[in-house]
Amino acid sequence: MRTQNWLRIESGYTGPIDGVPGVNTYAALQRNMRNWGYTGPIDGVMGVNSWSAVQRLAAAHGYTGPIDGAMGPNSWRAYSSFINQDRWD
């Protein structure tokens, strides 16, 4: 739900804030990830390039692993550090 709320605030996401990511959530995430190097289509289908951009965002919040598009526990931990900021409440 926090990710959807962040996307609502930052990227114009208009879908439900229900914690269930779908095509609309992922398309909004891809639009936002343009700021983090994503250059692929805005199609709501998360692939390696989409997840690599999320890892670049995570790297600004503690992730030190490779930017390989494979979201492992360390990638998710750093992304969680970003998304759990109070400003996304």
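Evaluation of the side-chain contact (heavy atoms from CB on, under 4.5 Å) rule for Asp68 yields Gln55, Pro66, Ala70 as partners, not counting sequence neighbours. Under the salt bridge (Lys or Arg N to Asp or Glu O under 4.0 Å) criterion, Asp18 pairs with no residue, sequence neighbours left out. For Asn35, there are no side chain to side chain donor-acceptor pair (under 3.5 Å) partners two or more places apart in sequence or in a different chain. Residues satisfying the side-chain contact (heavy atoms from CB on, under 4.5 Å) criterion with Ile42, sequence neighbours excluded, are Ala27, Gln30, Arg31, Arg34, Tyr38. Under the side-chain contact (heavy atoms from CB on, under 4.5 Å) criterion, Glu10 pairs with Trp6, Asn32, Trp88, sequence neighbours left out. The salt bridge (Lys or Arg N to Asp or Glu O under 4.0 Å) search around Arg2 returns Asp89, not counting sequence neighbours. Thr25 is linked by a side-chain contact (heavy atoms from CB on, under 4.5 Å) to Gln4, Leu7, Tyr13, Pro21, counting only residues two or more places apart in sequence or in another chain.
Applying the ring-ring contact (aromatic ring centres under 6.0 Å, His included) test to pairs two or more places apart or on separate chains, those with a residue in residues 50-72 are Trp51-Trp76, His61-Phe82.
Looking at every heavy atom in both residues, Gly62 comes nearest to Ala78 through C-CB, 4.0 Å. Summarising the geometry of Ala60 relative to Trp36, their closest heavy-atom pair is CB-CH2, 4.0 Å, with the distance given to 0.1 Å.
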Yes or no on side-chain contact (heavy atoms from CB on, under 4.5 Å) for Met46 and Leu29, after CA distance, side-chain angles and deciding distance? CA-CA 9 Å; Met46 295 296 284; Leu29 182 59; 3.5 Å; yes
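Clustering ILVMFWY residues whenever any of their side-chain heavy atoms sit less than 4.5 angstrom apart, transitively, puts Ile67 in a cluster other than the one holding Val54.
The side-chain hydrogen bond (donor to acceptor under 3.5 Å, both in side chains) with Tyr79 is formed by just one residue from the set Thr3, Asn84, Asn74; it is Thr3.
Here the OG atom belonging to Ser81 is positioned 10.0 Å from the CG atom belonging to Leu57, to the nearest 0.5 angstrom.
Between the side chain of Asn5 and the backbone N or O of Met1 there is no donor-acceptor pair closer than 3.5 Å.
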